[in-house]
Asker: 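My structure is below; once you've seen it, I'll send some questions.
What's counted below: heavy atoms across the whole structure, side chains too, no hydrogens, waters or symmetry copies.
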Amino acid sequence: MKKMPNIKLTEQEIMRMMIQDEYSFGSEASICLTDNPHTLYKIFKNRSGLVPMSENKEKKLIELYQMDLDHCTKPISTISCEGQLIGYEMTRDLQDVRLSSFDLSREDIIYYLKLSKKILEDFKERGIIYGDVASRNI
């Protein structure tokens, strides 16, 4: 089993990234650009600040790190701050574009939905259940 590398960052480094390099954000995390154009950082947060990664999330990341999956971002390292895991580094494909970014014909939408279904079925065969199926995530 491969050991997942860890990146140690200070709270100041993380806050600077979240202000200057925030690429996207949601209710649970900020996605930040890195010095490498082929990776992103996902930093868990809430309204009061950084949030430690749950044990369940850490376990899932480690399992995904061990797998050779296509059609998705891949975790490549954890990120810690002051001894707590608060995020992870993931792969980034510069050619990926969200399905929701396009004004597609009905036929194209059906094509991409069928392709997405095939990918999700492959994930299911590998024991991965993907619970956030939305055009913003495809």
Side-chain angles (χ1 to χ4, degrees):
M1 182 190 290
K2 301 183 292 185
K3 182 166 172 47
M4 194 168 187
N6 182 62
I7 299 168
K8 293 179 182 179
L9 297 174
T10 66
E11 189 170 351
Q12 293 79 16
E13 289 171 315
I14 293 167
M15 292 305 158
R16 181 197 53 78
M17 252 191 315
M18 291 171 73
I19 292 169
Q20 295 177 356
D21 302 324
E22 191 170 57
Y23 176 72
S24 178
F25 62 92
S27 59
E28 76 166 0
S30 288
I31 307 294
C32 299
L33 298 171
T34 70
D35 293 336
N36 179 346
H38 301 288
T39 68
L40 295 167
Y41 288 162
K42 183 170 187 171
I43 308 292
F44 295 101
K45 61 163 180 68
N46 62 22
R47 291 182 184 190
S48 20
L50 299 176
V51 175
M53 187 185 314
S54 70
E55 278 186 48
N56 189 43
K57 181 78 74 177
E58 181 183 357
K59 181 181 173 191
K60 288 178 190 177
L61 282 176
I62 291 169
E63 287 179 23
L64 288 171
Y65 179 73
Q66 303 301 323
M67 296 179 168
D68 184 28
L69 293 174
D70 292 325
H71 309 293
C72 67
T73 60
K74 298 170 184 140
I76 54 177
S77 62
T78 55
I79 299 172
S80 64
C81 178
E82 298 175 7
Q84 293 197 330
L85 292 180
I86 49 90
Y88 61 94
E89 182 180 22
M90 65 183 132
T91 58
R92 176 185 186 203
D93 185 338
L94 295 171
Q95 295 180 350
D96 279 352
V97 180
R98 289 183 181 154
L99 182 62
S100 61
S101 302
F102 292 103
D103 184 24
L104 298 172
S105 69
R106 179 176 166 82
E107 292 79 20
D108 286 340
I109 291 170
I110 290 170
Y111 168 79
Y112 286 112
L113 289 175
K114 284 181 178 179
L115 179 59
S116 297
K117 180 181 177 188
K118 183 179 175 186
I119 292 166
L120 290 172
E121 286 171 346
D122 177 56
F123 286 178
K124 184 178 176 187
E125 287 178 19
R126 293 166 167 253
I128 300 168
I129 305 300
Y130 192 85
D132 192 9
V133 178
S135 60
R136 70 181 182 278
N137 292 330
I138 298 173

Asker: Is there a donor-acceptor pair closer than 3.5 Å between any side-chain N or O of Ser30 and the backbone N or O of Met18?
Answerer: no
Asker: Among Ile7, Ile14, Thr10, which residue meets the side-chain contact (heavy atoms from CB on, under 4.5 Å) test with Cys81?
Answerer: Ile14
Asker: From His38 NE2 over to Thr91 OG1, what is the distance, rounded to the nearest 0.5 angstrom?
Answerer: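 Between His38 NE2 and Thr91 OG1, I get 11.0 Å after rounding to 0.5 Å.
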Asker: Would you list the atom pairs, donor with acceptor, under 3.5 Å between side chains in residues 69-80 and any protein atom, with sequence neighbours excluded?
Answerer:
unit_1: Lys74; atom_1: NZ; unit_2: Leu69; atom_2: O; d: 2.7
unit_1: Ser77; atom_1: OG; unit_2: Glu89; atom_2: OE1; d: 2.9
unit_1: Thr78; atom_1: OG1; unit_2: Pro5; atom_2: O; d: 3.4
unit_1: Thr78; atom_1: OG1; unit_2: Asn6; atom_2: OD1; d: 2.7
unit_1: Ser80; atom_1: OG; unit_2: Asn6; atom_2: ND2; d: 2.8

Asker: Of the non-hydrogen atoms in Lys8 and Glu13, which two are nearest, and what is the gap between them?
Answerer: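 Looks like O-OE1, 4.4 Å.
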Asker: Distance from Arg92 atom CZ to Ile31 atom CD1, nearest 0.5 Å?
Answerer: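 Going from the CZ atom of Arg92 to the CD1 atom of Ile31 covers 11.0 Å.
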Asker: Could you list the donor-acceptor pairs under 3.5 angstrom formed by side chains in residues 106-128, with sequence neighbours left out?
Answerer:
unit_1: Asp108; atom_1: OD2; unit_2: Ser105; atom_2: OG; d: 3.4
unit_1: Ser116; atom_1: OG; unit_2: Tyr112; atom_2: O; d: 2.8
unit_1: Arg126; atom_1: NH1; unit_2: Asp68; atom_2: O; d: 3.4

Asker: Can you tell me how far the NZ atom of Lys3 sits from the CD atom of Gln66, to the nearest 0.5 Å?
Answerer: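 The CD atom of Gln66 is 11.0 Å from NZ of Lys3, to the nearest 0.5 Å.
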Asker: When clusters are formed by joining ILVMFWY residues with side-chain heavy atoms under 4.5 Å apart, either directly or through shared neighbours, do Ile86 and Tyr41 land in the same one?
Answerer: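 As far as the 4.5 Å side-chain criterion goes, Tyr41 and Ile86 are connected within one cluster.
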Asker: Test of understanding: clusters of I, L, V, M, F, W, Y form through side-chain heavy atoms closer than 4.5 Å, transitively. Do Phe44 and Met90 belong to the same one?
Answerer: yes
Asker: Which pairs would a plain distance check flag for residues 48-61, meaning a side-chain donor or acceptor within less than 3.5 Å of a matching protein atom at least two apart in sequence or in another chain?
Answerer:
unit_1: Ser48; atom_1: OG; unit_2: Asn46; atom_2: OD1; d: 3.0
unit_1: Ser54; atom_1: OG; unit_2: Lys57; atom_2: N; d: 3.0

Asker: One pair to check against side chain to side chain contact (heavy atoms under 4.5 Å, CB included): Met17 and Leu9. What are the steps and the verdict?
Answerer: CA-CA 11 Å; Met17 252 191 315; Leu9 297 174; 3.7 Å; yes
Asker: Are Leu85 and Ile43 co-members of a hydrophobic cluster defined by side-chain heavy atoms under 4.5 Å apart?
Answerer: no
Asker: Looking at Glu28 and Lys42, is any side-chain nitrogen of the basic one under 4.0 Å from a carboxylate oxygen of the acidic one?
Answerer: yes
